[in-house]
Amino acid sequence: MSEISKKDRMKIPRQAMPEQDAFLRAQNFKEVNLGFTEELAKMEALRCLQCPKPVCVSGCPVGVKIKDFIDLVANGDFLGAAAKIKEDNVLPAVCGRVCPQEEQCEQKCIVGIKNEPVAIGRLERFVADYEREKLGVRLPQIKPKTGKKVAIVGSGPAGLSCAADLIQAGHDVTVFEALHELGGVLVYGIPEFRLPKEIVAIEVDALKQLGVEFKTNSIIGFTDSIEELMLDEKYDAVFIAVGAGLPYFMNIPGENLNGVYSANEFLTRVNLMKAYRFPEYDTPVFDCRGKNVVVFGGGNTAMDAVRTSKRLGAKRACIIYRRSEVEMPARLEEVHHAKQEGVEFIFLTNPLEFLGDENGWLTAVKLQKMELGEPDASGRRRPIPIKDSEYEMPIDMTVVAIGNGSNPIIQKTTPDLQFTKWGNIIVDQETMKTSKKGVFAGGDIVTGGATVILAMGAGRTAAKAINDYLANTEVW
Ligand code: FAD
């Protein structure tokens, strides 16, 4: 592509992603973004300056060879581009859809200094979808069997990426999953309109074809402990990837009223109990039709919950966040889409109490206005209550989406594993080794709620360390 000068590349505007009309999509659960066409992808790829030192790669937690794959796209070799991405990322169709690119690779993109950065995420998604549609998922080569057994606890992105690397290395891999569906937050948390379940299912299916065994409805700590997996079931190593699925509440009066949900419960009911396919499936969730719904929080989970309530028919779907828009941690695209779909945002406001009727049903929330003070430990400006600014807002349903912590089951049943005071497993960051011999951990259970790509990166780091460990361990 050398015939196109840098100057001319800089003149090409960032290509817009075709998407469903906002009014229509706010009434269905189909994917919002429709993906680049081949022409759009090639045009977008031409915007890449092919920098001699591609700093974008330093923004990618798994080090995808961004410059190389984009060059292949610009030359029309989409399958070659897919293969190049998969050298470092086993779930590109997922990451292309949900990674916070604006804080990672695209934030570092040199084009972004003067213009909008190259749409790296959209190109990743295009390439992964192209490969899947043309060829299905291509299975990698597997090394000869080693006779070693590894148990992976949890089937989210950390567990799946670790499983992918270990099965290819020739080990026997079994993934234990507490829920009846595989994929972790990718299926029970992130809604269909952002990440179609089929995409995760295809990736999981590829792992099954490679020989990974999946055991659903298996809560490690109840069905078997980590110790039992190692001593009784003779697993040579264990990778703990149980995520951070325990919802935080606000601890304000009225949180036990009917109509108050945690985001986890609300989204799990909609995603796993198929309320998103209403009326084909009768929904086991609050009937939002014509109702006032308020979601508290400013992250991706809050955006997913509020947009879900809108799709379930809420008359007023509203985000209330205690800081300002600038501090909201959600992906920019999700906020933008939510606004287009008619979601209302109320900033600098905090709930004090939920109010209910005599039958225990939520009827209103008492709110207080806030202002921003000095930055706190998170680096964001601290919200401070404004005196005498309380007011009430009538609501029918609310979702609390202020974050998640770790479930204590593993901690309670694995006494020789070290945890932080917040219940996160302590690991060596280079290897993901825990304090217990043969046990590794990664993803949200180590970092606290983070991102898909970081969880995947941890899974791959652990797989490498498990390989090294098994190479030096006797088989049972
Ligand atoms: P998880 O994905 O949580 O998977 C852990 C799995 O372990 C679960 O399936 C759980 O059922 C299982 N498990 C738990 N305990 C046990 C046990 N005792 N025995 C067996 N199995 C067990 N990140 C992004 O990058 N972009 C986004 O847009 C984004 N949106 C999000 C939206 C929502 C609603 C949520 C909740 C999170 C979002 N995140 C997003 C964060 C991201 O999904 C997580 O950081 C990531 O999924 C963590 O991966 P994990 O593998 O560590 O854990």
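Atoms within a ligand are numbered from 1 in the order they appear, just like the ligands themselves.
In terms of protein heavy-atom proximity, atom 53 (O) of ligand 1 is closest to G243 CA, 3.3 Å. The protein non-hydrogen atom at the shortest distance from atom 51 (O) of ligand 1 is A158 N, 3.0 Å. Of the protein's non-hydrogen atoms, the one nearest atom 7 (O) of ligand 1 is G154 CA, 3.2 Å. Ranking protein heavy atoms by distance to atom 19 (N) of ligand 1, first place goes to I220 N, 2.9 Å. In terms of protein heavy-atom proximity, atom 29 (C) of ligand 1 is nearest to N300 ND2, 3.6 Å. Counting only heavy atoms of the protein, atom 16 (C) of ligand 1 lies nearest to V242 CG1, 3.5 Å.
Taking all heavy atoms of I226, V452, V185, T216 into account, the minimum distance to atom 23 (N) of ligand 1 is reached by V452. Relative to atom 30 (N) of ligand 1, the option among Q101, E181, H180, R194 with the closest non-hydrogen atom is R194. Nearest to atom 33 (C) of ligand 1 by heavy atom, out of T447, T301, D224, N217, is T301. The closest non-hydrogen atom to atom 52 (O) of ligand 1, taken over D444, I445, N271, I190, comes from D444.
Taking only nitrogen or oxygen atoms, main chain and side chain alike, P157 reaches within less than 3.5 Å of ligand 1. Annotation: N264 places no N or O atom under 3.5 Å from an N or O atom of ligand 1; distance criterion only. Considering backbone and side-chain atoms together, R331 places no N or O closer than 3.5 Å to any N or O of ligand 1. The distance criterion of under 3.5 Å between nitrogen or oxygen atoms is met by V98 with respect to ligand 1. Polar contact with ligand 1: present for A178 (N/O pair, distance under 3.5 Å). At under 3.5 Å, a nitrogen or oxygen of E177, whether backbone or side chain, sits near a nitrogen or oxygen of ligand 1.
Judged by the 6.0 Å and 45° rule, K339 forms a cation-pi pair with F345. The cationic atom of K149 (NZ for Lys, CZ for Arg) lies less than 6.0 Å from the six-membered ring centre of Y235 and within 45° of the ring axis.
In summary, the atoms of ligand 1 found under 4.0 Å from a heavy atom of F176, numbered by their order in the structure, are 20 (C), 21 (N). The atoms of ligand 1 that sit less than 4.0 Å from any heavy atom of G156 are 2 (O), 4 (O), 6 (C), 51 (O). If you number the atoms of ligand 1 from 1 as listed, the ones under 4.0 Å from a heavy atom of D304 come out as 32 (C), 33 (C), 34 (C). Close contacts between ligand 1 and G184 involve ligand atoms 2 (O), 4 (O), 8 (C), 9 (O) [criterion: under 4.0 Å to a heavy atom]. Using a 4.0 Å cut-off to heavy atoms of V153, the atoms of ligand 1 that qualify are 19 (N), 20 (C). For ligand 1, the atoms lying closer than 4.0 Å to a non-hydrogen atom of G443 are 52 (O). Near I219, the atoms of ligand 1 lying under 4.0 angstrom from a non-hydrogen atom of the residue are 18 (N), 19 (N).
With respect to D165 and R460, a salt bridge is recorded, a charged nitrogen being found less than 4.0 Å from a carboxylate O. Between D416 and K436, at least one side-chain N (NZ, or NE/NH1/NH2) sits under 4.0 Å from a carboxylate O, which counts as a salt bridge. Under the 4.0 Å criterion applied to side-chain N and carboxylate O atoms, D224 and K215 are not assigned as salt-bridge partners. A salt bridge links D304 with R194; the closest basic N to acidic carboxylate O contact falls under 4.0 Å. The pair D376-R323 counts as a salt bridge, with a side-chain nitrogen and a carboxylate oxygen less than 4.0 angstrom apart. Using a cut-off of 4.0 Å between Lys/Arg side-chain N and Asp/Glu carboxylate O, R132 and E198 are scored as not salt-bridged. Note on E44 versus R14: no salt bridge recorded, every NZ/NE/NH1/NH2 to OD/OE distance being 4.0 Å or above. With salt bridges taken as basic N to acidic carboxylate O contacts below 4.0 Å, one links R97 and E31. A salt bridge is absent between R381 and E327: the closest approach of a Lys/Arg side-chain nitrogen to an acidic carboxylate oxygen does not fall below 4.0 angstrom.
The residue E334 has no part lying near ligand 1, judged by heavy-atom distances below 4.0 Å. Looking at S218 against ligand 1, only its backbone comes within 4.0 Å, counting heavy atoms. Within the 4.0 Å heavy-atom criterion, the part of L267 lying near ligand 1 is the side chain and not the backbone.
To the nearest 0.5 Å, atoms NZ (K197) and OH (Y188) are separated by 12.0 Å. Atom CZ of F193 is separated from atom CZ of R307 by 4.5 Å, given to the nearest 0.5 angstrom. Rounding to the nearest 0.5 angstrom, the gap separating the CZ atom in R311 from the SG atom in C288 is 12.5 Å. Separating the SG atom in C162 from the CD1 atom in I466 is a distance of 4.0 Å, to the nearest 0.5 Å.
For the pair G449 and ligand 1, no heavy-atom separation below 4.0 Å is found. Ligand 1 lies within reach of A450, whose nearest heavy atom is under 4.0 Å from it. Put simply, part of L179 is less than 4.0 Å from ligand 1, judged by heavy atoms. Look at I409 and you'll find every heavy atom at least 4.0 Å from all atoms of ligand 1. Not a single heavy atom of R97 sits closer than 4.0 Å to an atom of ligand 1. Residue A241 places a heavy atom less than 4.0 Å from ligand 1.
Atom NZ of K67 sits in a crowded spot, with more than 12 heavy atoms from other residues, nucleotides or ligands closer than 6.0 Å. Within 6.0 Å of CD on Q209 lie more than 12 heavy atoms contributed by other residues, nucleotides or ligands.
In terms of heavy atoms, G221 sits closest to T413 at O-CG2, 3.4 Å.
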